[in-house]
Structures are given as structure tokens and as C-alpha cells.
Amino acid sequence: MEKDKNQLINRLEEELFCTRFELNALSDLIIRDKAERWVPDFIHTVNENEHQARYIYASKYVKDKKVLDIACGTGKGSFILMTKGEPSEITAGDIDSDAIRYAKHRFYHERINFQNIDAEKIDYIDQFDVITSFETIEHLKKIDVFLEKVKKALKNKGVFIVSTPISSKEIDYQSKNPYHVQEWGFKAFHKIISKHFNIEDIYIQSYELYRPENTNKIIKLLKKIRNKIISLTGLERRTNKREDKIQYYELEKFSGQYDEKELGVSRIGYQIIIAKKND
């Protein structure tokens, strides 16, 4: 009985922590129109769809594989990889300890190991079949060090799936996004990756130049927060119902169908590279 009571108290504490985390995200979104971190339901819909589309695509590569998800944030992407791709296990790491705490509660899965990991300090040797790194590399200062560490962490013929925004400049050290150390043009990023990996495929993911209004969603969001606290809804019921109802921003394999000069200029979005370890 005492054990059950302690478990309930712990669950409530974690629920309240996650709710505060979501309120902070809501504040950033509504007041400052800023949402750099992916907190599910508390980010512009277009951004959420983009994130999910990348992870859903990556799930095709992870069946029965050992996966490392670098900069996993709040864990939704890692959860998508697990439930849709069915890898044997996932190590999901992020430098933000609060994001990892959130992930462990909201997106718990027995085969996902959420832990604090600094992307520039990963220290694995030949351990993973697949490594994913979405919207990470542009935040880092030591790019070549990071890519070498990723390479060392992959097993022979391991797959590296990486994405980054497409800049209008070859290299942009003054991005409009204050969290980005640098961004790359379409071809410039290929040169960075090719120094360490063999590029297998390149995908682009573009979107319209708009962001939907979120003010009309505040009441619905607050109701969700209230319901989370009152019901302490089970994780499986909360996370598994929404996937198929969302219209994703699909990835499109690049085969020269667009003028490369358009990418990052009139065709805004991301590129996703599928690469292999080039021993």
C-alpha cells in the first residue's frame, strides 16, 4: 500500500513537472512566438509536422537495429522511431536535463534509454547500426569533431541520417535563428558530410512561408493541461492516437527536379541526408 502511494506521488510530481515544462513552451509560443524546442502540441503545427515526418521516414531504417538518437529533445521523435520502426533498442540523448526528464515521463518505453548526452562529447565505439541527428548540427561549434565521433560510434556499414535547414548562402554564420551557430547552402552541406561519410541519398522537405495563428488554440491547450493533471492519463493512450491524423510535410528525394539555386531562397526548408560509414 505504501509502495502504491509513493508511486502515485512520484507520478503526480512528474506530471506537474511536465505541465510546467509545457506551460513554459506555451508562453514562448504565444507571447514571444518562439518555439525552438519540439514540445508536442506546444509548437507551430507546421514545425511539428516537419519534425514528425523526418522521424517517420527514418523509422524505415531501424527495424531490429541498435539506434542512437542524438539531441532527442523531449523524446517524441525517439518514441516514433521505436513504435513505428521497431528497433531492438534506442539510446536517446540530449544536453538538456529537463528535456530528458520530460521524455522519461511523457514518452517512456522499456527499450528507449533516455539520458543526458552532449552531442559534441559522445563517446561510443562501433556500437550503433543507425544514428539519427535532426536539427542538431547547426547548433554545434566543432562540426568535424562531432561527425568523427558519430562515425566512430557507428558499426561497419552503419547508417547516419542527418538533417539541417537549407541556407540561401553557402555558409551563414549570422543566421536569423539565434540558436544556430551556422547554416549551410544545399551543396556546401554535402561537402561537410562527404568528408566523413558516403552520401547515399538526399531528401528535401520544403514548406510554405507562413505560420498559422495560435491564439485561438490557447483554451484547448489549457484544457489539455488540466486534463493531464486530473486524469493522469496512461502514456500509451496519450501518445499513440494522433500519428495517422496529421498531414505530414513529406520528404522528397532530390534527383535534380529543382534548380539548386531555388533551394534555401524561394524553396525554403530542410535537407535530409542518408549516409554510410566510409571505412
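If you read the sequence from its start, that first residue is 1, and numbering goes on from there.
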Practice problem: For Lys63, check salt bridge (charged side-chain N to carboxylate O under 4.0 Å, His left out) against everything at least two apart and list the hits. | Solution: Glu86
Quiz item: Can you list the residues that meet the side chain to side chain donor-acceptor pair (under 3.5 Å) rule with Ser175, with sequence neighbours excluded?
Solution: Glu183
Exercise. Could you tell me how the ring of Tyr179 sits relative to the ring of His139: parallel (under 30°), tilted (30 to 60°) or perpendicular (over 60°)?
Key: tilted
Quiz item: Which residue pairs satisfy the side chain to side chain donor-acceptor pair (under 3.5 Å) criterion with at least one member in residues 160-173, sequence neighbours excluded?
Solution: Glu135-Ser163, Glu138-Thr164
Quiz item: Excluding sequence neighbours, so at least two apart, what forms salt bridge (charged side-chain N to carboxylate O under 4.0 Å, His left out) with Asp96?
Solution: Arg37
Quiz item: Between Glu13 and Leu16, is any pair of side-chain heavy atoms under 4.5 Å apart?
Solution: no
Quiz item: For Thr132, which residues count as a side chain to side chain donor-acceptor pair (under 3.5 Å) partner, sequence neighbours excluded?
Solution: Asp69
Self-check item: Partner residues of Lys253 under the side chain to side chain contact (heavy atoms under 4.5 Å, CB included) criterion, sequence neighbours left out
Solution: Asp201, Tyr203
Quiz item: Can you name the side chain to side chain donor-acceptor pair (under 3.5 Å) partners of Gln182, sequence neighbours left out?
Solution: none
Quiz prompt | Spatial distance of atom NZ (Lys152) from atom CG (Leu147) [nearest 0.5 Å] | solution = 12.5 Å
Quiz item: Sequence neighbours excluded, which residues qualify as side chain to side chain donor-acceptor pair (under 3.5 Å) partners of Gln115?
Solution: none
Quiz item: Do His190 and Phe186 have ring centres separated by under 6.0 Å?
Solution: yes
Quiz item: Under 4.5 Å between any side-chain heavy atoms of Tyr270 and Leu251, yes or no?
Solution: no
Exercise. Mind checking ring pair (Phe, Tyr, Trp, His ring centres under 6.0 Å) for His196 and listing every partner two or more places apart, or none if nothing turns up?
Key: none
Practice problem: Taking the side chain as every heavy atom from C-beta outward, state whether Ile202 and Gln271 have any atom pair closer than 4.5 Å. | Solution: yes
Quiz item: Is Ile70 close to Ile131 at the side-chain level, that is, under 4.5 Å between some pair of heavy atoms?
Solution: yes
Quiz item: Glu48 side chain to Asp41 main-chain N or O, any donor-acceptor pair under 3.5 Å?
Solution: yes
Practice problem: Please collect all salt bridge (charged side-chain N to carboxylate O under 4.0 Å, His left out) contacts where either partner lies in residues 112-127, sequence neighbours excluded, each pair once. | Solution: Asp126-Lys277
Quiz item: Any link between Ile143 and Ile273 through a network of hydrophobic side chains (Ile, Leu, Val, Met, Phe, Trp, Tyr) touching at under 4.5 Å?
Solution: yes
Practice problem: Specify whether Trp38 and Tyr55 have parallel, tilted or perpendicular ring planes, treating 30° as the upper limit for parallel and 60° as the lower limit for perpendicular. | Solution: tilted
Practice problem: Report yes or no: do Val162 and Ile90 belong to one cluster of Ile/Leu/Val/Met/Phe/Trp/Tyr joined by side chain heavy-atom distances under 4.5 Å? | Solution: no
Self-check item: Heavy-atom check, side chain of Ile268 versus side chain of Ile166, under 4.5 Å
Solution: no
Quiz item: Is the shortest heavy-atom distance from the side chain of Thr74 to the side chain of Pro40 under 4.5 Å?
Solution: yes
Exercise. Would you kindly confirm whether Ile274 and Trp184 end up in one hydrophobic cluster when ILVMFWY residues are joined by side chain heavy atoms under 4.5 Å apart?
Key: no
Exercise. Measure the OH-OG1 distance between Tyr102 and Thr19 for me, rounded to the nearest 0.5 Å.
Key: 8.5 Å
Exercise. Find out if a path of hydrophobic residues (ILVMFWY) with successive side-chain heavy-atom gaps under 4.5 Å connects Phe160 to Ile204.
Key: yes
Quiz item: Phe128 vs Tyr124 aromatic rings, parallel, tilted or perpendicular, using cut-offs 30° and 60°?
Solution: perpendicular
Quiz item: Which value, rounded to the nearest 0.5 Å, describes the distance between His51 atom NE2 and Asn49 atom CG?
Solution: 10.5 Å
Self-check item: Heavy atoms of other groups near Lys65 NZ, more than 12 under 6.0 Å
Solution: no
Quiz item: Around atom NZ of Lys66, are there more than 12 heavy atoms of other residues, nucleotides or ligands at under 6.0 Å?
Solution: yes
Practice problem: Using the test salt bridge (charged side-chain N to carboxylate O under 4.0 Å, His left out), find all partners of Asp144 that sit at least two apart in sequence or belong to another chain. | Solution: Lys195
Quiz item: Does the side chain of Arg267 reach to within under 4.5 Å of the side chain of Tyr258, using non-hydrogen atoms?
Solution: yes
Exercise. Applying side chain to side chain contact (heavy atoms under 4.5 Å, CB included), name anything that partners Gln257, two or more places apart in sequence or on another chain.
Key: Glu252, Phe254, Ser255
Practice problem: Output the distance between atom OG (Ser206) and atom CD (Glu262), rounded to the nearest 0.5 Å. | Solution: 10.0 Å
Quiz prompt | Min side-chain heavy-atom separation Phe42-Leu23 under 4.5 Å | solution = no
